[in-house]
Amino acid sequence: MSAGELLGVEPLELKFPFELKKQISCSLQLSNKTDDYVAFKVKTTSPKKYCVRPNTGIVFPRQTCDVIVTMQAQREAPPDMQCKDKFLVQSVVASPGAAVKDITPEMFSKESGNMVDEVKLRVVYVSPPQPPSPVPEESEEGSSPRPSVSDNANMTTREYVFAESREQIEPQEKSSEAPALISRLTEEKNAAIQQNNKLRKELELMRREVSKQRGGFSFMFVVIIAVLGILLGYLVK
């Protein structure tokens with residue numbers, strides 16, 4: 001029986017991304033090429049170094065089975081990252097409907113005359129994947145980010161319309177407020193002029209009365225004339 005006639009084994013090299021003090025696992029896939037029940041057993045030259053789950057089992061006809069091989073955490077790296085460990089996958093034809101509990105060590109003994117298929121596997125250490133290098137930031141620390149052309153291109157049509165409308169409305173509001181302010185100031189000025197003219201007429205009448213009476217006016221009358229003169233001077237300013 002040639003190697004791999006019962007079970008197809010992939011891959012034929014167990015590649016471990018080697019890292020110190022870290023458990024590392026890889027997987028095997030066993031494919032039953034026959035219409036029989038096939039029992040398998042996985043062996044290694046370093047049983048204390050590896051954990052295999054499951055290390056024995058039954059693969060149904062034309063079905064597959066996944067096997068996980070875990071390397072225990074290592075404290076030292078081998079010279080030149082070369083590994084001499086080997087694995088051996090043995091397989092034999094089992095009875096129809098056989099289960100894992102039916103597997104015995106004698107089934108894989110060639111001395112008993114059993115036809116045992118064997119596939120040898122190598123162990124290879126590879127460098128672990130490197131993390132991606134951080135992308136340097138283009139903007140300097142402390143400087144505010146500048147808007148790019150793409151930022152402006154992402155603005156919606158509604159936002160463009162609103163920006164343009166706001167710029168057009170603000171000058172119109174300012175221009176509409178100016179005539180109202182001028183009109184109000186003009187009205188206040190006209191009212192002040194009218195009040196000034198009225199006070200001038202009243203003061204003139206008082207002076208005429210004083211000139212008629214000559215010395216017959218009282219002290220209170222003099223105070224009133226003085227106050228009116230002050231108010232008249234304030235309005236004129």
Side-chain angles (χ1 to χ4, degrees), residues 1-95 98-141 150:
M1 180 180 295
S2 60
E5 186 174 336
L6 297 178
L7 292 180
V9 182
E10 292 183 0
L12 295 178
E13 290 184 342
L14 296 176
K15 295 183 179 181
F16 292 92
F18 187 86
E19 293 185 56
L20 291 176
K21 300 179 181 180
K22 183 177 180 180
Q23 283 189 349
I24 308 166
S25 299
C26 62
S27 62
L28 287 173
Q29 186 176 73
L30 309 181
S31 303
N32 188 347
K33 300 179 179 180
T34 70
D35 295 326
D36 300 317
Y37 283 72
V38 176
F40 72 89
K41 186 175 186 178
V42 182
K43 296 181 178 181
T44 179
T45 56
S46 302
K48 294 182 179 180
K49 188 176 178 180
Y50 300 94
C51 177
V52 181
R53 291 291 183 271
N55 58 354
T56 58
I58 298 290
V59 184
F60 298 152
R62 306 295 175 180
Q63 299 296 316
T64 61
C65 176
D66 291 330
V67 176
I68 304 300
V69 181
T70 302
M71 183 176 65
Q72 304 300 320
Q74 302 297 303
R75 297 181 179 180
E76 297 180 356
D80 300 328
M81 294 294 288
Q82 299 296 321
C83 183
K84 297 181 180 181
D85 299 334
K86 305 291 183 181
F87 279 81
L88 180 66
V89 179
Q90 295 179 314
S91 56
V92 295
V93 176
S95 302
V100 176
K101 63 182 179 61
D102 300 323
I103 298 176
T104 62
E106 289 76 15
M107 295 174 62
F108 301 96
S109 175
K110 294 181 180 180
E111 287 77 9
S112 301
N114 297 325
M115 301 295 294
V116 181
D117 189 13
E118 295 182 342
V119 178
K120 295 180 180 180
L121 308 177
R122 295 177 58 228
V123 176
V124 178
Y125 292 156
V126 296
S127 300
Q130 299 296 326
S133 58
V135 179
E137 297 183 0
E138 296 181 359
S139 58
E140 297 180 358
E141 186 177 0
S150 59

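Worth knowing before you read on, the calculation uses all heavy atoms, side chains too, and leaves out hydrogens, waters and symmetry mates.
- At distances below 3.5 Å, at least one donor-acceptor pair connects side-chain atoms of Asn32 with backbone N or O atoms of Thr34.
- Under the 4.5 Å side-chain criterion, counting only non-hydrogen atoms from C-beta, Ile103 is not in contact with Phe40.
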task = Please step through side chain to side chain contact (heavy atoms under 4.5 Å, CB included) for the pair Val38 and Leu7, ending with a clear verdict.
result = CA-CA 8 Å; Val38 176; Leu7 292 180; 3.8 Å; yes
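- Across Tyr37 and Ser95, no two heavy atoms sit closer than the pair CB-O, 3.8 Å.
- Checked by atom type and distance alone, the side chain of Asp102 pairs as donor or acceptor with a backbone atom of Ala99 at under 3.5 Å.
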inquiry  = Applying side chain to side chain contact (heavy atoms under 4.5 Å, CB included) to Lys120 and Phe87, what does each step give before you reach the verdict?
reply    = CA-CA 6 Å; Lys120 295 180 180 180; Phe87 279 81; over 6 Å; no
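- In this structure, Val67 and Ser27 have side chains that are not in contact, with every pair of non-hydrogen atoms separated by 4.5 Å or more.
- Atom OG of Ser91 sits about 9.5 Å away from atom NZ of Lys33, to the nearest 0.5 Å.
- Side-chain contact between Val123 and Lys86 is absent, with no heavy-atom pair separated by less than 4.5 Å.
- Side-chain atoms of Arg122 do not come within 3.5 Å of backbone N or O of Leu12 as any donor-acceptor pair.
- To the nearest 0.5 Å, atoms CG (Leu121) and CG (Leu14) are separated by 5.5 Å.
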key: Audit row: Lys110, Glu118, salt bridge (charged side-chain N to carboxylate O under 4.0 Å, His left out) steps and yes/no   = CA-CA 11 Å; Lys110 294 181 180 180; Glu118 295 182 342; 3.3 Å; yes
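- By the 4.5 Å heavy-atom criterion applied to side chains, Lys49 and Gln74 are counted as neighbours.
- With values rounded to the nearest 0.5 angstrom, Asp36 atom CG is found 9.0 Å from Arg62 atom CZ.
- Without hydrogens or angle criteria, Asn114 side chain to Met107 main chain gives a donor-acceptor distance under 3.5 Å.
- Distance SG/Cys26 to CD1/Ile68: 8.0 Å, rounded to 0.5 Å.
- Using a 4.5 Å heavy-atom threshold, the side chains of Pro128 and Phe18 count as separate.
- Taking the side chain as every heavy atom from C-beta outward, Val42 and Thr56 never approach each other to under 4.5 Å.
- The two residues Ile24 and Pro17 have their closest heavy-atom pair at CD1-O, 2.9 Å.
- Other residues, nucleotides and ligands place no more than 12 heavy atoms under 6.0 Å from the CZ atom of Arg53.
- Taking the six-membered ring where tryptophan is involved, the planes of Phe16 and Tyr50 are tilted, since the angle between them lies from 30° to 60°.
- Contact between Gly57 and Val100 at its shortest, heavy atoms only, is CA-CG2, 4.2 Å.
- Using modelled atom types, one side-chain atom of Asp117 and one backbone atom of Glu5 make a donor-acceptor pair closer than 3.5 Å.
- Here the side chains of Thr44 and Leu88 are not in contact, with every heavy-atom distance at 4.5 Å or above.
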message = I'd like to know whether Leu30 forms a side chain to side chain contact (heavy atoms under 4.5 Å, CB included) with Thr64, so could you lay out the CA-CA distance, the side-chain angles of the two residues, the decisive distance to 0.1 Å, and finally the verdict.
response = CA-CA 5 Å; Leu30 309 181; Thr64 61; over 6 Å; no
Working for side-chain hydrogen bond (donor to acceptor under 3.5 Å, both in side chains), residues Glu10 and Gln29 = CA-CA 5 Å; Glu10 292 183 0; Gln29 186 176 73; over 6 Å; no
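- You'll find the side chain of Met71 stays beyond 4.5 Å of the side chain of Val69, heavy atoms only.
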request  = Given side chain to side chain contact (heavy atoms under 4.5 Å, CB included), test Asp80 with Tyr125 step by step and report yes or no.
outcome  = CA-CA 10 Å; Asp80 300 328; Tyr125 292 156; over 6 Å; no
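- Atom CD of Gln23 has more than 12 neighbouring heavy atoms from other residues, nucleotides or ligands inside a 6.0 Å radius.
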